[in-house]
Every structure is written in C-alpha cells, then in structure tokens.
Amino acid sequence: MACLIGAASSYDLAVVQLVRRPNALRPIPLGTSTDLRVGQWVFAIGNPFGLSKTLTQGIVSALDRTLPTDNGREVAGVIQTDAAINPGNSGGPLLDSAGRLIGVNTAILSQSGSSSGVGFAIPVDLVNNIVPRLIEKGRVPRAGIGIAADDGSLTSRLGVRGVAILGVAPGGPAARAGLRAFDLDRGVMGDIITAVNGKAVESVGQLARALEAVGVGNRAVLTIQRGEEQRQLEVEVTDLDQP
C-alpha cells in the first residue's frame with residue numbers, strides 16, 4: 001500500500017510513500033541529465049500493458065523538448081527518446097548505460113495510443129529539484145512571469161536567438177513590466193527575451209530554468225530584443241500555480 005505525499009501537475013511528478021517497504025527494495029543510483037548527448041544509449045523499465053519488469057532500449061533522440069500537460073501547462077527541458085514507451089511505463093525510470101537514473105518516463109507522442117518511437121521523460125535534475133520540495137510541503141510553486149512563449153519556430157524563421165513572446169497575461173508581471181507580444185495575424189512585432197540576469201536563453205526550457213533559479217517573489221532583469229532595439233526590463237517572478 002502507498003499514500004500520496006505531494007504532486008506537481010505542472011511537472012507531471014508525484015511522490016508516494018510506501019506503508020510497508022519490501023525488504024528487497026533497493027534505490028536506483030542517481031545520474032545526471034546535464035551532460036546527456038543526443039545519440040547516447042538509454043533504457044526504459046516499466047509495466048507496459050501490465051507486462052511487469054519490461055526493459056526496452058533506445059537512444060536520446062532530442063533534448064530540451066517542451067511537453068504539454070493535462071492542465072494546459074508545459075514541462076520544459078524534457079528528454080525525447082525512441083526507447084519503446086507504452087501505457088504502463090509512465091513513472092518508470094529512464095536509465096543510462098551504467099544503470100543510473102537520468103529521467104522519469106512520462107508520455108508518448110502517438111495517434112494510436114501505443115509506442116511510435118517518440119517518448120518523453122522528465123530529466124532527473126528536475127526530479128531532484130522538485131521531489132524534496134514535494135516531500136517537505138506537498139506542492140511546488142511554478143516560477144513564471146505571465147507570458148505565452150514561442151516554441152522556437154518563430155525565432156527560427158526570424159533568424160534570431162531567444163524566446164519570442166506570443167501572449168501576455170493581462171495584469172500579470174510581464175504586462176506590468178511593459179513586455180509586448182507578437183500579433184502574427186496583424187503583423188505586429190513583439191519582444192524576444194534573449195537573456196535573464198545577463199545569462200542567455202534560447203529556448204522555453206532555458207527560460208523556465210532561469211526564472212526558477214531567480215525564485216518566486218524575486219525580480220529578474222530581462223534582456224529583450226524589440227525590433228532593432230535591445231533593452232532591459234525588470235519583472236517580478238510569481239507563482240503561476242497560486243490561485
């Protein structure tokens with residue numbers, strides 16, 4: 001039997017506590033996700049379709065993906081793999097070739113509902129950040145500034161590096177700081193965030209991690225590109241999950 005300790009739907013993670021721990025239970029050695037490389041071997045363990053203790057193998061197909069969650073939010077910095085992941089794999093470990101935990105399997109991209117070679121895992125460095133706070137408080141604030149961000153397709157077309165703003169929440173921190181969104185239908189150019197506190201950001205995942213590092217309740221200095229002009233704006237980082 002197990003009981004729920006805490007959950008963070010915005011990160012697709014939860015912590016459960018075993019009421020009775022089996023004697024043979026051993027923890028998986030922890031690895032790191034900061035030095036992962038596309039093409040390296042990985043292994044997924046789970047219970048796909050009720051078939052317990054199933055092992056599949058593949059490679060890291062891509063890094064720093066953005067994964068939508070059921071509540072309409074997105075998990076940034078996700079690992080993409082072609083190791084077969086099916087219903088029953090979610091919550092299971094993604095391991096490197098040394099048997100170390102590098103991610104928690106979470107979802108697949110499939111029209112049929114079964115593995116199509118595109119699976120996703122929450123990176124272990126994010127897990128190590130979120131889980132202790134879930135154990136301590138039962139929830140985790142989600143740092144943000146109240147924007148809808150481009151997935152990289154717009155900045156790629158423009159030939160620039162950074163995170164383009166596609167929407168600004170009315171009355172939110174970004175709106176109060178004067179950030180502007182692109183309006184593609186009307187051809188209105190908006191802001192592109194290129195750095196947070198002087199550190200360059202080139203993806204939604206990097207932006208999310210930078211704001212997380214600043215911390216809820218603190219202020220971040222954003223470097224933005226607005227047309228041909230570069231400027232800096234100070235914006236408050238808030239908890240986007242706070243009612």
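Only heavy atoms go into these numbers, but all of them, side chains included; no hydrogens, no water, no symmetry mates. No experiment lies behind these values; they were computed from the predicted model shown.
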[X] vs [Y] side-chain heavy atoms within contact, under 4.5 Å:
X      : Y      : result
Val204 : Leu207 : no
Val237 : Asn218 : no
Thr54  : Asn47  : no
Gln40  : Asp96  : yes
Ile147 : Ile193 : yes
Phe43  : Thr56  : no
Leu154 : Leu166 : yes
Ile224 : Ile192 : no

Between the side chain of [X] and the main-chain N/O of [Y], is any donor-acceptor distance below 3.5 Å?
X      : Y      : value
Thr32  : Thr34  : yes
Glu234 : Glu236 : no
Ser33  : Asp125 : yes
Ser61  : Asp82  : yes
Asn105 : Pro93  : yes
Asp150 : Val163 : no
Arg37  : Asp35  : yes
Arg26  : Asn23  : yes
Gln206 : Glu202 : yes
Arg231 : Thr223 : no

Rounded distance [0.5 Å steps], CG in Leu63 versus OG in Ser203:
10.5 Å
Could you check whether Asp151 and Thr66, counting side-chain N and O atoms only, form a donor-acceptor pair closer than 3.5 Å?
no
Taking every non-hydrogen atom, the tightest pair across [X] and [Y]:
X      : Y      : answer
Ile85  : Ala44  : CG1-CB, 4.4 Å
Leu94  : Ile79  : CD2-CG2, 4.2 Å
Pro29  : Gly99  : CD-O, 4.0 Å
Val168 : Arg180 : CG2-C, 4.3 Å
Leu4   : Ala14  : CD1-CB, 4.1 Å
Phe182 : Ala164 : CE1-CB, 3.9 Å

Set out, in order, the CA-CA distance, both residues' side-chain angles and the distance that settles side-chain contact (heavy atoms from CB on, under 4.5 Å) for Leu13 and Val127, then state yes or no.
CA-CA 8 Å; Leu13 291 171; Val127 175; 4.1 Å; yes
Side-chain heavy atoms nearer than 4.5 Å, only ILVMFWY residues, links allowed to pass through others: does that put [X] and [Y] together?
X      : Y      : answer
Leu211 : Val235 : yes
Leu36  : Val38  : yes
Leu101 : Ile122 : no
Leu95  : Val131 : no
Ile145 : Ile165 : yes

Salt bridge (charged side-chain N to carboxylate O under 4.0 Å, His left out) between Asp191 and Arg226, intermediate numbers included
CA-CA 5 Å; Asp191 294 334; Arg226 180 176 292 175; 2.7 Å; yes
Walk me through whether Arg209 and Asp64 qualify under side-chain contact (heavy atoms from CB on, under 4.5 Å).
CA-CA 11 Å; Arg209 288 190 292 273; Asp64 210 24; 3.3 Å; yes
Please assess Val42 against Ile102 for the test side-chain contact (heavy atoms from CB on, under 4.5 Å), listing each intermediate value before the final yes or no.
CA-CA 9 Å; Val42 291; Ile102 58 171; 3.5 Å; yes
By salt bridge (Lys or Arg N to Asp or Glu O under 4.0 Å), Arg186 pairs with (sequence neighbours left out) Asp183
Is Arg142 paired with Glu212 through a side-chain N to carboxylate O contact shorter than 4.0 Å?
no
